[in-house]
Amino acid sequence: TELRFSEKKSPSKEIELAFFFEGKPQPAFEQKIKSYFSSLVKELPFLRKLQFEIHSKNSFPHSAGIASSASGMSALALCLCSLEERVKGKAAKPDDFFRRASHLARLGSGSAARSVFGGYVTWGKIKGVSNSSDKYATPFKGKVNAVFQNFHDDILVVSTEQKSVSSRAGHELMNRHPFSACRYRQASENLKSLMGALAKGDVHQFCDIVENEALTLHALMLQSTPPVILMQAGTLGIIKKVRAFREETGLPLCFTIDAGPNVHLLYPDAVKIDVNQFIQRELIVSCERNQFIADCIGKGPEKLNP
């Protein structure tokens, strides 16, 4: 994401910006960014004094349930924090800079709060996790066994179509969901167990927790009012094959699913060759145009123009 700015030609309280996605104007996204900037005026008053041109692009399909908004909003929040340093004429301490970027990113997209960091990150006030907060994410300082240090996340693109329900709308469904209280307790218990698995290097427990979280999310959407079905036939086919592969081989491969039809495969580096062969042999046929994205734990954002 690139943020260009200049002084307004005439005074105005309106937010003035143009937004381009992959080189083309995107009126719908532009309106969302204008609303986002307007919500930040109290924190960043200089937003009313400047006019902006924003250029953004992504290496994977947007609005398809692969956290494209998280990457885009976190990158934009980082740009705004860098601009704030210019306006103030003073650089913030690195920890303060990224904490503020996480806070600003969260106001645009909840998931974006985590995306300003690399490695393992938590978001939300968590008992036993120092400096954790509901307002911003924090790098996870707990023990992480070596087996989890080079974890892979291969994304099987079942569909690049825009999902039928946005993440924001999905969250609204939870506000009135009859099982929401139970869900929040379950998430807290799963997180505690997950941190234990990371410390012990228990990949199989990790797989059980991750898959439970993914299927619970989609089960709750199926039971919401109105019900939301985001999985597709290819999604279910991949899930069945992954479980059969794990049972037959004993290899620690698991799936997770965001709010969309696409499937993430999580596994340690030691089984990379076996998993890649499995993808090519059995799973790629369920992907749109045989498309999958080989990914892994990131090191965090990179400032392209100092």
Side-chain angles (χ1 to χ4, degrees), residues 1-59 62-63 67-118 121 123-124 131 133-139 162 166-169 171-172 298-306:
T1 294
E2 179 181 307
L3 179 67
R4 303 174 186 175
F5 59 93
S6 59
E7 289 190 18
K8 284 184 177 178
K9 296 178 181 178
S10 57
S12 169
K13 289 187 176 182
E14 296 296 318
I15 296 295
E16 295 183 12
L17 66 81
F19 183 84
F20 299 85
F21 184 73
E22 297 183 348
K24 298 178 181 178
Q26 287 286 346
F29 286 180
E30 182 176 295
Q31 192 55 50
K32 288 182 180 180
I33 301 301
K34 280 185 178 179
S35 297
Y36 173 57
F37 274 35
S38 295
S39 72
L40 298 181
V41 165
K42 287 186 178 180
E43 298 212 37
L44 305 173
F46 61 81
L47 292 177
R48 282 181 172 166
K49 300 178 181 179
L50 302 173
Q51 57 185 16
F52 301 93
E53 186 176 302
I54 302 168
H55 292 261
S56 189
K57 60 182 179 180
N58 224 318
S59 58
H62 71 83
S63 305
S68 58
S69 62
S71 63
M73 295 306 295
S74 61
L76 182 56
L78 287 160
C79 288
L80 290 174
C81 286
S82 293
L83 176 55
E84 184 179 35
E85 288 187 329
R86 284 201 192 190
V87 171
K88 290 184 175 180
K90 181 181 178 181
K93 294 179 180 179
D95 286 351
D96 293 337
F97 177 90
F98 284 101
R99 187 181 299 113
R100 180 153 176 76
S102 178
H103 164 63
L104 294 179
R106 176 185 64 81
L107 299 176
S109 164
S111 300
R114 299 187 294 259
S115 298
V116 301
F117 303 101
V121 182
W123 171 37
N131 299 321
S133 172
D134 292 337
K135 295 183 178 180
Y136 51 80
T138 51
Q162 185 169 338
S166 69
S167 297
R168 190 176 296 273
H171 294 157
E172 288 297 322
K299 296 180 180 179
E302 179 184 354
K303 190 175 181 181
L304 300 178
N305 182 4

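Owing to the predicted nature of the structure, the values given are computational and were not obtained by experimental measurement.
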Check: Heavy-atom count around K49 NZ within 6.0 Å, excluding the residue itself: above 12?
Finding: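 Not buried by this count: 12 neighbours or fewer within 6.0 Å.
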Are any of the side-chain heavy atoms of [X] and [Y] separated by less than 4.5 Å?
{"X": "W123", "Y": "S102", "value": "no"}
{"X": "R86", "Y": "F5", "value": "yes"}
{"X": "T1", "Y": "H55", "value": "no"}
{"X": "F98", "Y": "L78", "value": "yes"}
{"X": "F37", "Y": "L76", "value": "yes"}

Checklist line | CG on L304 to CD on E2, rounded to 0.5 Å | finding: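 If we round to the nearest 0.5 Å, E2:CD and L304:CG are 9.0 Å apart.
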Next item on the list: Working to the nearest 0.5 Å, report the span between CG of L44 and CG of L83.
Entry: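 One gets 8.0 Å once the value is rounded to the nearest 0.5 Å.
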Can you check whether [Y]'s main-chain N or O pairs, donor with acceptor, with [X]'s side chain at less than 3.5 Å?
{"X": "S35", "Y": "Q31", "answer": "yes"}
{"X": "K8", "Y": "R48", "answer": "yes"}
{"X": "S74", "Y": "A112", "answer": "no"}

Notebook entry, point to check: Which residue pairs pass the salt bridge (charged side-chain N to carboxylate O under 4.0 Å, His left out) test with at least one member in residues 93-113, sequence neighbours excluded?
Noted result: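 Listed by first then second residue: E43-R100, E84-R100, D96-R99.
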Check: For K90, what residues pass the salt bridge (charged side-chain N to carboxylate O under 4.0 Å, His left out) criterion, not counting sequence neighbours?
Finding: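 K90 satisfies salt bridge (charged side-chain N to carboxylate O under 4.0 Å, His left out) with no other residue.
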Item checked: Which atom of M73 lies closest to which atom of G108, heavy atoms considered ->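 Nearest heavy atoms, M73 then G108: CE-CA, 3.6 Å.
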Item checked: Closest non-hydrogen atom pair, T138 against N131 ->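 Heavy-atom minimum between the residues: CG2-O, 3.1 Å.
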Pairs of donor and acceptor atoms involving the side chains of residues 11-21, under 3.5 Å and at least two apart or interchain, shall be tabulated with distances.
from: S12; atom 1: OG; to: E14; atom 2: N; distance (Å): 3.0

